[in-house]
Amino acid sequence: MGASEPVVERENGDVEREEEEKENPKEDVEVKDVEDVEKGEVGFQEPVVQIQNNPPRQVRMSRLQRLSTTNPLRLIINGATRVATPSPSQPRPPPPHSQPRSTPTPQPSLTNLNSRAYTNKISLFLFLLHTVVAVGLVCFLLFKGIQGLLEAGATERKEKRVLEYFLPQVEAASLLSITLAFSWQKAVREWPKFMVHFILWSSFVMSLSAGILLICFQKPPTDGVGVLFIAFAICNGLYGCWVTRRIKFCSKVLIKSLEPVSKFPDLNQPTYWMLGIGFLWMSLWILAVIGALNFYFPPLIIILLVLSLAWTAEVMRNVANLTVSRVIALYYLRGMQSSTQFCFQRAVSINLGSACLGSLFVPAIEALRIVARGLNLLEGEDEFMFSCAHCCLRVMESIFRYGNGWAYVQIAAYGKGFVQASQDTWELFQKREIVTIVDSDMTSSICFLTGVCSGSICVIVVAAWTARVHQNFTATISLLAFFIGYLMTRIAMALPHACVSCYYVCYAENPDNRLFSDKTISERLESIKAGRDVVVPTPRVPRQFAR
């Protein structure tokens, strides 16, 4: 009896039970948690202990619906009503109508982790419509390709030449890219500290080698593509020198964020499924590109196919990202051993709209971040140029607040829309004063450079092969091989990227969690505030205006 609070019961017991249900939203949360348990999400940090209702002999159970005139005080424990017997020395309580009704203490409600509402339905509808159109177009172009092979004449000769000297190299690039994708992810998980350095400089070496190789063919198309690779390699090298001071902390965060992966043996399965589906779709897509040569406006059709493939591959990557994010986020936030299969089902259904919307805007936003870094490095006295830079950076700041890659963690955990999740996540970062740390994170750059490295390797292999059999196709096949290698590797790198995102976002939500007892972020923040460490965040205002 001492563990319960006395509650004055109204005459109508049904009304009281309805008010108790309204005043105790925790029961609804427990019901939702039960749904997670049924799906395989089992909490292991906070077990629920049920108290057996064994009343002592001095307490008798009452099932009356009206208050007793001699004993209006009742104790309710675990849904059972107990009536306390008043002692003779205790004064008689006043009548029920004159006794004030006690107000129960409101209990904080937990955020719903099992939202069943579909997010960003408009973007989901657009993606599904795009998918139907893309499948129809690919099937039609396959038909046109077969039709061109059956017809005699120039079209038949051209398509046979393409099938002989174009298709084998591109298919080989697809096989090589999926092999590299598996290898990169496995290596990052096994040796994260070494791979940060290796990826940073191997992407420089491979892109430079691909550019030099293409220039050696001494053809105008290959020379143009080769110059692009060399220019990118120079920028990559400068970036590697610029971020040298941040590599140690990036490696430390990557190692720490990958620790929970070992607790979920099947966590990588959604990534494998996405890579398999992506490989099959790219194989059909390549055949559709060949069929486009036998249709009106081949360049326009091929550009549309490239854009469609880019969006589809990005959505596949974000589906894997959402799956991993939900599993790892619930581990950090609730200590739950989630079912990867159930999280994957949510990612391809309830949260697919957010993945589609983010796939459209996040790459553009990341590109704006790169532009912002470049603008901050400009020096000069041209007021007009710096005014334009200031305006662009203000626009980028607004966009980044309403759409960023960190939002996928809250989308996966709480079922929020993309824009709302972006805003809430950025507010959390500002509240914990870790915007500087998050803004200078290298994980997205490392994943990007991994894709560049795979694409460059595919270019080297395919360009050398094509130059031996049909040199006129070298530039086209090189660009296509780089595109395929980059996309497949980015899908595979969704797992480490999602783990790092969960580490930052979950720390911002609950920095006192025992899983963050290593003080990696807090020590880094204290070091920055004390001036012992310096970071170079994404600039919000050009230097001249910040003075």
Side-chain angles (χ1 to χ4, degrees), residues 123-179 181 221 273-317 319 348 352 355-356 359-360 455 458-459 462-463 465-466 469-488 490-491:
S123 58
L124 175 60
F125 171 76
L126 292 177
F127 178 76
L128 294 178
L129 179 62
H130 147 267
T131 303
V132 172
V133 174
V135 170
L137 180 61
V138 167
C139 294
F140 175 75
L141 293 176
L142 288 175
F143 167 75
K144 295 297 292 185
I146 297 174
Q147 187 182 37
L149 288 174
L150 297 178
E151 293 178 355
T155 303
E156 179 190 11
R157 291 192 299 272
K158 181 174 66 175
E159 291 204 3
K160 284 185 177 180
R161 187 171 66 252
V162 169
L163 288 175
E164 183 177 359
Y165 302 116
F166 185 94
L167 183 62
Q169 292 92 312
V170 180
E171 290 291 347
S174 299
L175 289 172
L176 179 60
S177 64
I178 195 171
T179 304
W273 296 337
M274 292 295 101
L275 285 173
I277 295 172
F279 176 75
L280 294 177
W281 178 245
M282 285 183 184
S283 300
L284 295 176
W285 181 86
I286 293 167
L287 296 175
V289 170
I290 297 175
L293 301 175
N294 191 27
F295 193 57
Y296 301 105
F297 308 110
L300 178 61
I301 297 298
I302 292 175
I303 290 174
L304 293 176
L305 287 173
V306 168
L307 294 176
S308 173
L309 179 62
W311 191 18
T312 303
E314 190 69 11
V315 170
M316 291 180 181
R317 181 175 77 90
V319 166
V348 297
L352 183 59
C356 299
S359 300
L360 282 176
C458 292
V459 168
V462 170
W465 182 1
T466 308
V469 296
H470 200 286
Q471 198 170 13
N472 293 333
F473 286 161
T474 304
T476 304
I477 292 180
S478 298
L479 288 175
L480 195 57
F482 176 82
F483 186 61
I484 293 173
Y486 171 79
L487 292 180
M488 295 295 284
R490 287 307 304 271
I491 294 175

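Across every non-hydrogen atom of Ile286 and Ser174, the tightest pair is CD1-OG, 3.7 Å. Taking every heavy atom of both residues into account, Gly485 and Ser177 meet most closely at CA-CB, 3.5 Å. Nearest heavy atoms, Val459 versus Ala481: N-CB, 4.5 Å. Scanning both residues, Val462 and Ala173, for their nearest heavy atoms gives CG2-CB, 3.8 Å. Pairing each heavy atom of Cys356 with each of Ser123, the nearest pair is CB-O, 3.9 Å. Ala181 and Met488 get closest at one heavy-atom pair: CB-O, 3.6 Å.
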- [ ] Report the C-alpha separation of Phe127 and Thr131 in whole Å, then their side-chain angles, then the decisive distance to 0.1 Å, and conclude whether the side-chain contact (heavy atoms from CB on, under 4.5 Å) test is met.
- [x] CA-CA 6 Å; Phe127 178 76; Thr131 303; 3.6 Å; yes

Checklist entry - Given Leu137 and Leu305, is the side-chain contact (heavy atoms from CB on, under 4.5 Å) satisfied, shown in steps? => result CA-CA 9 Å; Leu137 180 61; Leu305 287 173; 3.9 Å; yes

For side-chain contact (heavy atoms from CB on, under 4.5 Å), just list the numbers for Phe166 and Thr476, CA-CA rounded to whole Å, side-chain angles, deciding distance to a tenth of an Å, and then say yes or no.
CA-CA 9 Å; Phe166 185 94; Thr476 304; 4.1 Å; yes

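Leu275 contributes atom CG, which lies 10.5 Å from atom OG1 of Thr179 (distance to the nearest 0.5 angstrom). With rounding to the nearest 0.5 Å, the separation of CG in Leu304 from CG in Leu309 is 12.5 Å. One finds the CE atom of Met282 at 9.5 Å from the CG atom of Leu480 (value rounded to the nearest 0.5 Å). Going from atom CG of Asn472 over to atom CD1 of Ile477 covers 10.5 Å, rounded to the nearest 0.5 Å. In this structure, Thr312 OG1 and Leu487 CG are separated by 10.0 Å, a value rounded to the nearest 0.5 Å. Note that CD1 of Ile290 and CD1 of Ile302 are 10.0 Å apart. Values are rounded to the nearest 0.5 Å.
Looking at heavy atoms from C-beta onward, Phe279 lies in side-chain contact with Leu175 at the 4.5 angstrom threshold. Side chains of Val469 and Gln169 form a contact here, defined as non-hydrogen atoms less than 4.5 Å apart.
Counting only residues at least two apart or on different chains, no side chain to side chain donor-acceptor pair (under 3.5 Å) pair has a member in residues 275-288. The salt bridge (Lys or Arg N to Asp or Glu O under 4.0 Å) contacts involving residues 287-316 comprise Glu314-Arg317, where partners must be two or more places apart or lie in separate chains.
For Ser359, the side-chain hydrogen bond (donor to acceptor under 3.5 Å, both in side chains) criterion is met by Asn318, not counting sequence neighbours. By the side-chain hydrogen bond (donor to acceptor under 3.5 Å, both in side chains) test, Ser308 is found to be paired with His130, residues two or more places apart in sequence or in another chain being considered. Legend: residues meeting ring-ring contact (aromatic ring centres under 6.0 Å, His included) with Phe125, ordered by chain and number and at least two apart, are absent. Applying the side chain to side chain contact (heavy atoms under 4.5 Å, CB included) rule to Leu142 yields the partners Val138, Leu284, Leu287; only residues at least two apart in sequence or on another chain are considered. Partners of Phe140 according to the side chain to side chain contact (heavy atoms under 4.5 Å, CB included) rule, which considers only residues two or more places apart in sequence or in another chain, are Lys144, Phe295. Applying the side chain to side chain contact (heavy atoms under 4.5 Å, CB included) test to Pro168 and every residue at least two apart in sequence or in another chain returns Trp465. In this structure, the side chain to side chain contact (heavy atoms under 4.5 Å, CB included) partners of Leu124, at least two apart in sequence or on a different chain, are Tyr118, Leu128, Leu352.
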